[in-house]
Each structure stands twice: as C-alpha cells, then as structure tokens.
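Letters go in sequence order (proteins before strands), and every chain restarts at 1. Only a predicted model underlies this, so the values are computations on that prediction, with no experimental measurement involved.
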Number of protein chains: 2
Amino acid sequence: MRDIITLQQKIAPELIELLERRYTILRHVSHSQPVGRRSLANSLKLGERIVRTELDFLKEQGLLESNMSGVKLTAEGEYLIHQLSDFVKHLRGIHEMETRLRERLGLGHVVVVPGNSDEDELVKKEMGRAAARYLLEVMRGGSIIAVTGGTTVGEVANAVPVSHYPHNVLVVPARGGLGEEVEIQANTIAAKIAKKLMASYRLLHVPDNIAEDAVKSLSKDPHIREITRTIKSADILIHGIGNAQELSVSRGDSPEETRQLIRAGAVGEAFGHYFARDGTIVKTIHSLGVRLSDLKHINHVIGVAGGRRKAGAILAVVSNRHETVLVTDEGAGRAILEQMDGGER
Amino acid sequence: MRDIITLQQKIAPELIELLERRYTILRHVSHSQPVGRRSLANSLKLGERIVRTELDFLKEQGLLESNMSGVKLTAEGEYLIHQLSDFVKHLRGIHEMETRLRERLGLGHVVVVPGNSDEDELVKKEMGRAAARYLLEVMRGGSIIAVTGGTTVGEVANAVPVSHYPHNVLVVPARGGLGEEVEIQANTIAAKIAKKLMASYRLLHVPDNIAEDAVKSLSKDPHIREITRTIKSADILIHGIGNAQELSVSRGDSPEETRQLIRAGAVGEAFGHYFARDGTIVKTIHSLGVRLSDLKHINHVIGVAGGRRKAGAILAVVSNRHETVLVTDEGAGRAILEQMDGGER
DNA sequence: ATCTGCGGGACAAAAAATGACCAGCCACAG
DNA sequence: CTGTGGCTGGTCATTTTTTGTCCCGCAGAT
C-alpha cells in the first residue's frame with residue numbers, strides 16, 4: 001500500500017494532485033449540497049471555469065448530479081467519498097501521523113483529518129464528523145456526556161446524526177457560559193446534541209468567568225448543586241482547546257492580566273484551565289463544572305481542536321496526560337510533531 | 001488493492017493511461033538502453049516530441065539519465081520498473097487472469113506478461129525474462145535442462161542473466177535442428193544458456209525433419225545414442241509452441257501434406273508433436289530427442305508462447321495435460337479464455 | 001414583481017502540447 | 001583520418017487544451 005503510493009507519486013505526481021483536487025471538490029459538495037459551481041469556486045479558491053470542468057467530469061462519472069438548485073452527490077458519490085477519504089489519508093501519510101502522535105503523546109486514540117482548519121473552514125466540520133463518529137461508538141446506555149463550548153465542539157454537535165429512536169443518555173454542559181454568541185455556548189451545544197440523539201439534557205445557567213465568592217454562594221442553590229454533581233459524574237467529556245492568550249481575552253481579562261498569564265507560561269486552555277508547554281497547570285478558573293481532578297473518573301476525555309495556529313495549545317493541554325482521545329487536523333498534527341522534534345534537540 | 005484501483009479508475013481515469021504510457025517507455029528503455037528518443041518514438045509509435053516530454057519528465061524524476069549515446073535507466077528507475085510491472089499487472093487484472101488460466105487449464109503455474117507479442121516485439125522479450133526467472137528458480141544442482149528452438153525460446157536464452165560462478169547443470173537441445181536461422185536453433189539456444197550460466201552443454205547434430213529409417217540408422221551411432229539418453233533424462237524442459245500450419249510449412253512439408261494435417265485437426269505444435277484442439281495427438285515427427293511419453297518423467301515442463309495469433313495453438317498443446325508451467329502474454333491469455341468460454345456453450 | 005443563485009452556452013485570451021527543424025557532439029566504421 | 005549516423009538540446013510556428021469572463025433564461029425565495 002505504502003509502496004504503491006510512493007510509486008505513483010514518483011511516476012505520475014500530477015495525477016495525485018488531480019485526485020486530491022477532485023476529492024476536495026467532492027468533500028465540499030458533500031458538506032454543502034446542493035451547491036452551485038460559483039459558490040464552490042469561491043470557497044475552493046479556484047477559478048469558476050476549472051471547477052466547472054471538474055464538475056462536468058464528476059457528473060460524467062456518475063458521482064454528482066445536478067438539478068436546478070445546484071449539484072449534489074449521487075449514491076455512488078456518497079459511497080466513493082468514504083473510500084477516497086481513506087485513500088487521501090494514505091496519500092498524505094496521515095495514518096502514520098496518527099500512530100506517531102498516539103505513541104509520542106501517550107494517548108489512547110488519535111484521529112487526524114486531512115487539511116488545515118486555519119485555511120479551510122470545512123476541515124473543522126470534518127473534525128466534528130470524526131469526533132461525532134467516535135462519540136457514537138463509545139457512547140453506551142446511561143452515559144453522561146459533558147461538552148464544552150467553542151466553534152469546534154459546535155461542529156461536533158452539527159455532525160451528530162439525527163436519530164429516529166431515543167438514546168438513553170444525558171448531555172450536559174461541562175462548564176458555564178462564556179462570551180456572547182449563543183451558538184457556541186456549552187449549553188446550546190449540549191442541547192443540540194441531546195435533541196439530535198433524542199436524549200435528555202440539563203443546563204448550567206452560570207457564567208464561566210465568575211468571582212470565587214460568587215461560586216460559593218451559587219453552589220448553595222440546590223438546583224445548581226445537583227446539576228454540578230451530575231456533570232462531575234460524566235463518563236464522556238468532549239472539549240475544545242484554545243490558545244491561552246485568545247481565551248484570556250475572550251474571558252474579558254484586562255490586557256495586564258493576559259500579559260501576566262502568558263508570562264507565567266500559559267499556552268493552551270481547556271475547560272477553564274490554563275496549561276504550560278509541559279502540561280503543568282498555570283491557572284485554574286474556579287467556576288462550576290468539570291475540573292482537572294474529575295478527569296480521572298471520566299472514561300473518555302476527547303479533545304477536539306485543529307489548525308496550525310493551535311498546535312502549541314494542543315500540545316500543552318495533552319501533555320497533562322489526562323486526555324484519552326485527540327481529534328485534530330493535518331495542519332496541527334504536523335506542527336505538533338515538528339514542535340516535539342524541535343523541543344527534544 | 002483491487003478497490004483502490006477501481007477507485008482511481010473512477011476518480012482519475014487519465015491516471016492509468018499516463019501511467020501505462022510511462023511504464024511502456026521505461027520498459028522500452030530498459031530493453032534497449034542506451035537508446036535515443038527518435039528510435040524510441042519510432043518503436044512506440046508516438047510523436048517524437050511527446051516522447052521527449054516524457055523523457056524529460058522521467059529524467060526530472062531521477063528515473064532516467066542521458067549521456068551522449070542515449071538515455072538509460074538509473075538504479076532507481078531499474079528498481080521502480082519492477083514494482084511498476086507488478087502494478088500494471090494489477091491494473092489490467094492480469095493476476096486474476098493468471099489464476100483463472102491456471103485453474104481452467106489445470107496447470108501448476110501460469111505467468112502472463114502484459115501486452116501482445118503480435119503487436120509489440122518487446123513483449124516476447126518480457127516473456128523470455130519471465131521464463132528465465134522461473135528457470136533460475138526451479139533449477140537445481142545436477143539439473144538437465146532441455147530446450148527447443150524458436151524465437152520465443154531464443155528470448156529466454158537472451159534473458160538468462162550471465163553468471164559469474166559456474167552452475168552445475170547441463171543444457172541440451174530437446175530436439176534436432178529445424179530451418180535455416182542459426183540463432184533460433186535448439187543447439188544454439190542450449191549453448192547460449194549454458195555459456196551464460198557457466199554450465200556445460202551437449203549438441204544434437206540431427207535434423208528434426210528426418211525420414212524414419214534414417215532415425216533408426218542414426219540411433220546406432222554411440223555418440224547420438226548417449227546424447228539422446230541424456231535428453232530423455234532431463235528434469236526441466238523449456239519449449240515453444242507453434243501454429244500447426246506455420247510449423248508444417250517451415251518443416252518443408254508440401255502444401256498437400258500441410259492441408260491434410262490441418263484437415264486432421266492439427267492446431268498446435270510442440271517438440272515435434274501436432275495437437276488437436278482437445279489436446280489429442282494428430283501426428284508425431286519421429287525424430288530423435290524428447291517425445292511426449294518422456295514428459296511424465298520431467299518435473300518442469302515449461303511452455304513459452306504468446307500473441308493472440310497463437311492462442312489456439314497454445315490451448316491445443318496445454319490441453320494434453322502434460323504441461324506444468326505456461327508462460328504467455330496478455331493477448332494470448334485473453335484469447336484463450338475467450339475460446340474456452342466460447343467452446344463451452 | 002424583484003432579486004438571487006442556479007446551470008449552461010459562448011468566446012476570446014492564455015497556456016500547454018505537439019510537430020518539425022537545425023546545430024553541435026560523439027562514436028564508430030571504412 | 002574522415003564521413004556517417006545517431007544522439008542531445010535548442011528553437012519556433014502551429015494546433016489543441018485550458019482557463020477566465022460574461023451573458024442568458026430560469027426557478028425559487030423574498
């Protein structure tokens with residue numbers, strides 16, 4: 001398998017480019033079907049005409065069909081795209097990358113999707129898909145699933161397939177609310193996942209950036225006590241990973257606070273904890289919800305994050321060794337490996 | 001493996017064309033290196049310029065290098081061409097064809113090389129290579145190798161690699177001399193193989209088309225008696241397969257004799273025997289050397305022949321069920337399977 | 001009714017592939 | 001020693017393919 005790919009890359013490199021291009025097109029179509037050639041060309045950053053040529057070809061091959069509202073995958077195309085994605089993973093050596101990451105980071109499982117979410121918005125959706133697939137796999141009857149906020153975890157919610165029969169699980173937000181956008185609140189995401197699974201959910205109506213004494217007074221509320229206890233007994237946690245600086249800003253810290261945090265070595269952030277490059281905790285936001293000490297009771301701690309920009313943050317967070325699963329993308333994965341190699345020398 | 005090929009054919013069909021074209025070029029170069037682009041273009045029946053473009057590309061990739069006398073394979077190209085040939089076999093479904101032929105003809109082993117020797121002279125060389133490789137594999141110390149004449153078996157001799165240490169084997173002609181061309185006489189071929197292997201050889205100075213009473217008188221010669229006995233104790237036989245009609249003519253039969261032979265059902269010829277479609281013997285040339293009855297004592301009976309034209313002859317000969325190995329080409333293989341399917345209905 | 005985004009047609013410009021030469025070089029045969 | 005033939009590499013006009021752009025009529029949404 002490996003050799004046949006290197007063989008082809010040696011003897012016909014133009015063609016593998018073509019193949020990847022067509023795969024990208026199929027993938028884009030699959031995500032936003034039905035879609036017109038112009039908007040496709042736009043998001044692919046390719047000329048309209050060239051997209052058109054490829055589209056015609058793919059129609060010819062029976063992988064796409066077009067009606068008046070745009071082009072969409074046929075059943076055959078739907079089937080093919082799965083095979084293709086695996087093949088592209090081979091092409092780019094992503095399977096190798098997954099095992100290297102798994103071994104060097106000491107994780108139980110690593111999924112890397114092709115592409116770089118910094119450059120291509122769809123890659124994030126692809127990560128969401130992968131994470132959702134993994135979630136469905138490990139989820140059991142009676143599971144309690146805790147989720148954080150963030151755009152990436154939001155995509156996980158989008159990717160969870162709508163179920164036509166009820167799942168006996170409970171979805172809860174892992175932490176309180178943060179920022180303004182309702183779409184990426186932990187509460188919203190938890191609810192969305194639960195609805196798709198026809199499962200139940202609880203909400204935690206507490207801001208995440210909250211003063212310590214306020215936490216204490218809130219904890220006395222019996223409602224909040226109960227939901228907090230539920231959250232801490234989760235067996236699955238899906239969380240995003242953020243850059244320390246960006247998260248500090250969006251938490252509303254003053255520039256001085258942020259600077260101090262960074263100076264203290266904070267690189268990554270996850271569920272209210274700031275991590276340094278070596279995985280140690282720099283700062284903890286003492287809000288309600290999941291804390292680091294709870295993680296060891298959670299069977300599946302699933303980190304979802306991608307993009308070259310976030311490589312450092314991801315590396316910091318997973319170095320804490322509480323993660324079991326990482327879902328990321330090619331851009332981040334490559335950068336992480338580079339940083340580890342650089343750091344060793 | 002199969003699916004990844006169908007996948008590629010679906011998503012990038014031009015890939016396989018390009019790949020085959022480049023493979024053909026490499027193969028041609030490998031056979032007649034060093035070679036110039038013009039003669040290449042000529043034998044490939046492609047424009048000079050297009051050959052040039054491909055050649056430049058292959059040089060770029062480090063598979064070819066050119067000095068003043070022409071272009072030739074680099075070590076890397078040499079290595080790659082083997083992988084490629086296997087890959088092309090997969091592409092054309094030749095591996096499947098081999099097993100189907102093996103099963104339906106009841107043979108021990110079948111090798112099919114890509115192409116059709118009717119159209120491309122090089123395919124014959126390729127068969128020679130394959131047969132030579134097989135020979136080296138089954139040959140043991142003390143082996144006696146009998147070979148017939150013919151251009152195809154001649155290519156086997158050409159393809160046997162020159163050895164730098166002596167092999168303890170004996171090469172003998174399986175039958176007497178036939179026709180004029182010295183290059184394709186059994187004697188010549190036997191000697192050539194032996195020399196390349198640094199082995200010993202014996203010659204049989206007897207014409208193959210000889211009257212029966214002459215055979216008897218010749219048999220009394222002690223020299224000839226001994227070499228004949230040696231030949232009959234061979235454990236490996238490599239023989240060509242010919243069309244009955246063509247062979248009858250080149251044996252010098254009168255038109256009437258030939259017509260009679262064909263009317264009697266003769267289709268194929270091998271080592272002095274004419275075979276009908278169902279494998280039965282139509283006529284035997286009672287010369288000296290290997291006869292059909294000797295074959296059951298020979299471990300490896302290797303038939304080498306290719307080209308669509310010869311499909312019928314090959315089918316007739318191997319239907320006799322004395323063969324153990326068949327080396328042929330894609331054109332003949334396909335035609336044989338077609339004829340068998342046609343004959344069954 | 002208007003507006004937007006769709007497929008499909010059309011066409012010129014740009015780029016690439018191709019065919020056809022020529023010059024200079026080297027090896028080899030006579 | 002010289003002519004001959006085959007080789008590479010350069011060049012250029014021509015053909016073919018690819019690409020960028022615009023327009024049109026249409027269907028569904030607003």
Side-chain angles (χ1 to χ4, degrees), chain A residues 11-78 121-122, chain B residues 11-78 121-122:
Chain A
I11 198 85
E14 318 98 272
L15 275 303
I16 70 134
E17 276 174 44
L18 184 66
L19 192 137
E20 292 208 21
R21 174 197 278 181
R22 287 181 181 162
Y23 168 64
T24 320
I25 293 181
L26 282 180
R27 199 160 46 98
H28 270 78
V29 171
S30 115
H31 273 107
S32 40
Q33 56 187 315
V35 64
R37 89 171 100 96
R38 314 166 89 105
S39 67
L40 258 185
N42 222 319
S43 62
L44 286 167
K45 288 186 262 178
L46 288 175
E48 171 195 331
R49 190 51 210 262
I50 163 167
V51 167
R52 195 170 170 180
T53 316
E54 298 298 354
L55 246 39
D56 286 344
F57 168 80
L58 292 168
K59 275 184 231 165
E60 193 76 22
Q61 293 293 88
L63 305 177
L64 294 181
E65 62 190 0
S66 65
N67 56 15
M68 53 232 110
S69 65
V71 65
K72 68 180 181 186
L73 290 176
T74 64
E76 191 181 356
E78 200 80 55
E121 193 59 27
L122 279 191
Chain B
I11 198 84
E14 52 270 68
L15 177 131
I16 69 138
E17 279 172 42
L18 185 66
L19 195 135
E20 292 209 21
R21 174 197 280 182
R22 288 184 180 160
Y23 168 64
T24 319
I25 294 181
L26 282 180
R27 199 161 46 99
H28 270 77
V29 171
S30 116
H31 274 107
S32 41
Q33 56 187 314
V35 65
R37 88 173 99 97
R38 312 170 86 109
S39 66
L40 259 183
N42 222 320
S43 63
L44 287 166
K45 288 186 260 174
L46 287 175
E48 172 195 331
R49 192 51 212 263
I50 161 165
V51 167
R52 194 170 172 180
T53 315
E54 297 297 355
L55 247 39
D56 286 344
F57 168 80
L58 293 168
K59 276 183 232 165
E60 192 77 24
Q61 294 292 83
L63 304 177
L64 294 181
E65 63 189 358
S66 66
N67 57 15
M68 53 234 110
S69 64
V71 65
K72 67 179 181 187
L73 290 177
T74 63
E76 192 181 355
E78 199 80 54
E121 194 58 28
L122 281 191

**Message:** So if I take every side-chain heavy atom of B:V35 and compare against D:dC7, D:dT19, C:dG7, which nucleotide ends up nearest?
**Reply:** D:dC7
**Asked** Taking all atoms of both residues into account, what is the closest heavy-atom pair of B:S30 and B:L73, and its distance?
**Response** CB-CD1, 3.3 Å
Measuring from atom [atom1] of [X] to atom [atom2] of [Y], what distance do you get when rounded to the nearest 0.5 angstrom?
| X | Y | atom1 | atom2 | result |
| --- | --- | --- | --- | --- |
| B:E17 | A:L15 | CD | CG | 9.5 Å |
| B:I11 | A:L63 | CD1 | CG | 5.5 Å |
| B:Q61 | B:T74 | CD | OG1 | 11.0 Å |
| B:L55 | B:L26 | CG | CG | 9.0 Å |
| A:E65 | A:K59 | CD | NZ | 10.5 Å |
| A:L58 | A:S66 | CG | OG | 11.5 Å |

May I have the distance from [X] (atom [atom1]) to [N] (atom [atom2]), rounded to whole angstrom?
| X | N | atom1 | atom2 | answer |
| --- | --- | --- | --- | --- |
| A:D56 | C:dG7 | CG | P | 10 Å |
| B:E54 | D:dT8 | CD | P | 15 Å |
| B:N42 | C:dA20 | CG | P | 13 Å |
| A:L55 | C:dG7 | CG | P | 7 Å |
| B:L40 | D:dC7 | CG | C1' | 12 Å |
| B:K59 | D:dC7 | NZ | P | 13 Å |
| B:R38 | D:dG10 | CZ | C1' | 13 Å |

**Contact pattern, 5' to 3', of nucleotides 25-30 of chain C - B, S or - by protein heavy atom under 4.0 Å** = -S----
**Request:** Before giving the answer on side chain to side chain contact (heavy atoms under 4.5 Å, CB included), spell out for A:D56 and A:E60 the whole-Å C-alpha distance, their side-chain angles and the decisive distance to 0.1 Å.
**Result:** CA-CA 6 Å; A:D56 286 344; A:E60 193 76 22; over 6 Å; no
**Asked** Counting any heavy atom closer than 4.0 Å, what does A:S39 reach on the DNA or RNA strands: base, sugar-phosphate only, or nothing?
**Response** sugar-phosphate
Under 3.5 Å, which N/O atoms of the protein pair with N/O atoms of nucleotides 9-14 of chain C?
{"from": "C:dG9", "atom 1": "N7", "to": "A:R52", "atom 2": "NH2", "distance (Å)": "2.3"}
{"from": "C:dG9", "atom 1": "O6", "to": "A:R52", "atom 2": "NH1", "distance (Å)": "2.7"}
{"from": "C:dA10", "atom 1": "N6", "to": "A:R49", "atom 2": "NH1", "distance (Å)": "3.3"}
{"from": "C:dC11", "atom 1": "N4", "to": "A:R49", "atom 2": "NH1", "distance (Å)": "3.3"}

**Prompt:** In this structure, which one of A:E54, A:R21, A:H28 forms a side-chain contact (heavy atoms from CB on, under 4.5 Å) with A:L44?
**Reply:** A:H28
